Protein chains: 2
Amino acid sequence: MKGIDQRVTEFEHQLRKAGLRMTQQRRLILRVLAEADDHPDAKGIFTRAFVHDPTLSLSTVYRTMKLLETQGAIERHAFEDGVSRYEHADQAHHDHLIDIETGKVIEFSSPEIEELQAKIAAKLGYEIVRHKLELYGRKLGGKTRRRRPGA
Amino acid sequence: MKGIDQRVTEFEHQLRKAGLRMTQQRRLILRVLAEADDHPDAKGIFTRAFVHDPTLSLSTVYRTMKLLETQGAIERHAFEDGVSRYEHADQAHHDHLIDIETGKVIEFSSPEIEELQAKIAAKLGYEIVRHKLELYGRKLGGKTRRRRPGA
DNA sequence: AACGCAGTTGCGAATGAATTGCGATAAGGC
DNA sequence: GCCTTATCGCAATTCATTCGCAACTGCGTT
Ligand SMILES: [Mn+2]
Ligand SMILES: [Mn+2]
Ligand SMILES: [Zn+2]
Ligand SMILES: [Zn+2]
């Protein structure tokens, strides 16, 4: 892994610059996010953090996620399950493939697609500010359908 | 336009096949959807339909949208404004570009991107069942920034 | 090291979209 | 037309997320 404390400190500077404060709760949530390698929702983040601080409230998680989002420290996703899911933003841009049977989220990136998107937008007279590309699919070959023995 | 009544009749057959009924409300909502050239949400559909039948309820609109969706008659979108938006599904697949300043939704389609998506999914061992591609951008050149007169 | 004032938090209440239970109503097969 | 039952209108409910507010705490100042 690469410096969780470093990220926290980094974020603390961002906060200071905006007259905001680095609290125990924010530090904890930041740690949980840095340790996550998936895309947890607010409740999930709350659950993981609650273990380390049983006084933490879900409201604070929501408020912190909103803060982190406006500060550009995390990204919010709205996959088909209806709830908002988050991930820290200190990684290269990528899009997601969701396994519709297991819910597993796989990350990928395609410079070609990104380029085509920009080209399409330009042709329509627009510049892309952000975008969302989500593929929902099912595993290939997994359940290999073999011919019925009797046939 | 191309046969609104035809679409209604077509859908009526689908319903019959499933032991369901074609009601006045469904007929009306179907008509509203067929006449729409945008991506209205439930409340918007309700408002348009309410004009023709003041006894219609919003619940029925929601129930009907769900029904239409499971029957594959419409597509549901979840753009960034949080509410579900709908459009009839009897048109070729396309994706959307949303003007982040006006909210205007522009449709487009790119066979190249579609192909790349399939290729990426395949490489990851998946087949795509459905996908969501939304570009959020702002108009280019619109507000041409002219040099300040005094400068 | 104590002080003071915003910025923050926990908690419960409020929102708002979407769903649902239920008694009344109306499709549509016979 | 009659009867069964799918559907409707309405009110109540659900669920994620936001908010109001009093208590609390980070942190620059004295
Ligand atoms: Mn990701
Ligand atoms: Mn469309
Ligand atoms: Zn992308
Ligand atoms: Zn597409």
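None of these values were measured; they are calculated from a predicted model. Order of the sequence lines fixes the chain letters, A, B, ..., with proteins taken first and strands second; residue numbering starts at 1 for each chain.
- In this structure, CG of Leu15(A) is placed 12 Å from P of dG28(D), rounded to the nearest angstrom.
- Nearest nucleotide to the side chain of Arg21(B), out of dA16(D), dA27(C), dA6(C): dA27(C).
- Within a heavy-atom distance below 4.0 Å of DNA chain C, the residues of residues 23-35 of chain A found are Thr23(A), Gln25(A), Arg26(A).
- A side-chain donor-acceptor contact under 3.5 Å links His88(A) to the backbone of Leu33(A).
- When atom types are taken as modelled, the side chain of Tyr86(A) and the backbone of Ile45(A) share no donor-acceptor pair closer than 3.5 angstrom.
- The CG-P distance, from Leu68(A) to dT8(C), rounds to 12 Å in whole Å.
- The residue Arg63(A) sits close to a base: some heavy atom pair falls under 4.0 Å.
- Nucleotide dT20(C) holds its P atom 14 Å from the CG atom of Leu67(B), rounded to whole Å.
- Distance from the side chain of Ser57(B) is smallest for dC10(D) among the nucleotides dT17(D), dC10(D), dA6(D).
- Whole-Å rounding puts the Asp53(B) CG to dT25(C) C1' distance at 13 Å.
- In this structure, Leu56(B) atom CG and dT7(D) atom C1' are separated by 12 Å, rounded to whole Å.
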> Hey, mind stepping through Leu67(B) and Leu20(B) against side-chain contact (heavy atoms from CB on, under 4.5 Å) and telling me if it holds?
Replying inline: CA-CA 10 Å; Leu67(B) 172 66; Leu20(B) 304 178; 3.8 Å; yes
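- Comparing Lys43(B) and Thr60(A) by the nucleotide of DNA chain C whose heavy atom lies nearest to each, the residue mapping closer to the 5' end is Thr60(A).
- Nearest heavy atom pair, residue Ala36(B) against residue Arg48(B), reads CB-NH1, 3.5 Å.
- Remark: side-chain polar atoms of His96(B) are not paired, donor with acceptor, to backbone N or O of Val105(B) under 3.5 angstrom.
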>> If you apply the rule salt bridge (Lys or Arg N to Asp or Glu O under 4.0 Å), what do you find for Arg130(A) with Glu75(A), and how did you get there?
In response: CA-CA 11 Å; Arg130(A) 59 178 175 282; Glu75(A) 263 183 46; over 6 Å; no
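- Taking atom CG of residue Asp41(A) and atom P of nucleotide dC15(D), one finds them 14 Å apart after rounding to whole Å.
- With distances taken from any side-chain atom of Lys66(B) to the nucleotides dA18(C), dT20(C), dG7(C), the minimum falls on dT20(C).
- Put simply, Tyr62(A) has no side-chain N or O that comes within less than 4.0 Å of OP1 or OP2 on dT18(D).
- Note on Leu58(B): nothing from the nucleic acid sits closer than 4.0 angstrom, heavy atoms only.
- Looking only at distances, a side-chain donor or acceptor of Arg85(B) sits under 3.5 Å from a matching main-chain atom of His39(B).
- For Arg76(B) and Leu20(B), each mapped to the nucleotide of DNA chain C holding its nearest heavy atom, the one lying further toward the 5' end belongs to Arg76(B).
- Sparse packing is recorded around CD of Glu115(B), with 12 or fewer heavy atoms of other residues, nucleotides or ligands lying under 6.0 Å away.
- Counted by atom type alone, Glu114(B) and His93(B) present one or more donor-acceptor pairs between their side chains at under 3.5 Å.
- OP1 or OP2 of dT17(D) has not a single side-chain nitrogen or oxygen of Ser59(A) nearer than 4.0 Å.
- Rounded to whole Å, the distance from CE on Met65(A) to C1' on dT8(C) is 17 Å.
- If you take NZ of Lys17(A) and P of dG7(C), they are 19 Å apart, rounded to a whole angstrom.
- Classification of the Phe50(B)-Phe46(B) ring pair by plane angle, with boundaries at 30° and 60°, yields tilted.
- The terminal axes of the helix from dA1(C)-dT30(D) to dC30(C)-dG1(D), fitted over 5 pairs per end, subtend an angle of 30° to the nearest 10°.
- Here the side chain of Met22(A) is nearest to one of dT17(D), dC27(D), dA18(C), namely dC27(D).
- Note on Gly82(A): nothing from the nucleic acid sits closer than 4.0 angstrom, heavy atoms only.
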